[in-house]
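Counting starts at 1 for both ligands and their atoms, in listed order. Computed from a prediction, not measured in an experiment: that's the story for all the values here.
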Amino acid sequence: MNNHNPPIGVFDSGVGGLSVLRRIRADLPHETLLYVADSGHAPYGSKPVDFVARRAFAITEFLLDQGAKAVVVACNTATAAAIARLRAHFNLPIIGIEPALKPAVAETRSGVVGILATSNTVRSDKFADLLDQHGHRARVMVQPCPGLADCVEHGELSGPRPRALLERYLEPLLAAGADTLVLGCTHYPFLTPLIQRLVGPNVTILDPSPAVARQLRRRLEAAELLADGRAVGGERYFTSGAPEPTARLMARLLGQPVTVEILPERFGQSGPFHA
Ligand code: DGL
C-alpha cells in the first residue's frame, strides 16, 4: 500500500457490510479496501446506541491509523448512531448508509412499502427524519427484525431459523399489500434468495449498496482522491472476533478465499468516546 493509493476503510458490526464492499469492489476496481468486521461486538442492532457509537469511533481511528482516505460506514445501525458525530470529529469523507425509502416510494405500485431493519435503526432520530422526508408518499410498514443479522453472522442463509424469523417479519407487510421491500440492514442482502422465495416474484427487493458505491465515487472524485487507473486494487480484512470462522464465512459470502487479520487490541475494546 503506498501513499499514492491510500486505502478506503469499510466497516460493519460483522460480515453484513460485505454486501456493500462487493459493490464498491465491482465499481471501483483500482481502490485498496480495508474491511473491519466488528464481530466481537455484533450485533449492533440491539446494543446501547452509545456503545455502537464508541465502536464506530474506535474503528474509524483504526482505519485512519492505516492511512484511510475515506470511510464507508457499511452499517445502517452505526450510521444512525454515529455518522453526524463521526463527521464532526474526523476530517475525511465519511459515507453512510440508510434504508432506500426514497427509491421505494417512487417504485411501489401498490402504494405499500415494507422496511426491514434492526431495532436500533428503526428507533433512531435519523430514521424518523427519513420517514418525515419520504414516508408521506406511500404507506410505509416498518418491521424491526431481531435475530436476522445474527443468522447471517452464523452463516444461516437458509434453513429453519432465518425462515421462521422471516415468515414472522414478512407476514404483516405482505398482508398489508407491500410490493416493495427495503433491506435496511447490510446483512439482509445475503438473505435475498430466501426472502424472494418467501415473498414471490412480484415483490421488488431494494438494496442500497449501489447508491453507496456511487456516492463514494462522487465524494472521492470531488476531493480528487480516486485511485489512479493504473493502480491494482486489493483488500485486507480485519475482525475483532475469531479470525478463522470469520474468514470461512467471508469466503463463503464473497465466493473467494479470504485471509482475516486480528483487529489490534487497542481498537478492539469500546475505547474512549471522543464525540
Ligand atoms: N449490518 C448492520 C446494519 O446495517 C447491523 C446488524 C447488527 O449488528 O445488528 O444495520
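Looking at Thr121 next to ligand 1, no N or O pair under 3.5 Å apart turns up. Residue Ser46 has no nitrogen or oxygen atom sitting less than 3.5 Å from a nitrogen or oxygen atom of ligand 1, judged on distance alone. Remark: ligand 1 and His187 share an N or O pair separated by less than 3.5 Å (distance only, no angle test).
Screening Ile97, Leu86, Ile95 for a side chain to side chain contact (heavy atoms under 4.5 Å, CB included) involving Val73 leaves a single residue, Leu86. With Phe267 as the fixed residue, the ring pair (Phe, Tyr, Trp, His ring centres under 6.0 Å) test singles out one of Phe57, Phe62, Phe11: Phe62.
The protein non-hydrogen atom at the shortest distance from atom 7 (C) of ligand 1 is Tyr44 N, 3.3 Å. With hydrogens left out, the protein atom closest to atom 9 (O) of ligand 1 is Gly45 N, 2.8 Å, a heavy atom. Nearest protein heavy-atom contact of atom 5 (C) of ligand 1 is Thr77 OG1, 3.5 Å.
Environment of CD in Glu244: sparse, with no more than 12 heavy atoms of neighbouring residues, nucleotides or ligands closer than 6.0 Å.
A salt bridge links Glu31 with Lys69; the closest basic N to acidic carboxylate O contact falls under 4.0 Å.
For the residue pair Arg55 and His41, the shortest heavy atom distance occurs at NE-ND1, 3.2 Å.
For Pro43, heavy-atom contacts with ligand 1 shorter than 4.0 Å involve the backbone as well as the side chain. Counting heavy atoms closer than 4.0 Å to ligand 1, residue Cys75 contributes atoms from both its backbone and its side chain. With a 4.0 Å cut-off on non-hydrogen atoms, Thr118 touches ligand 1 through its side chain and not its backbone.
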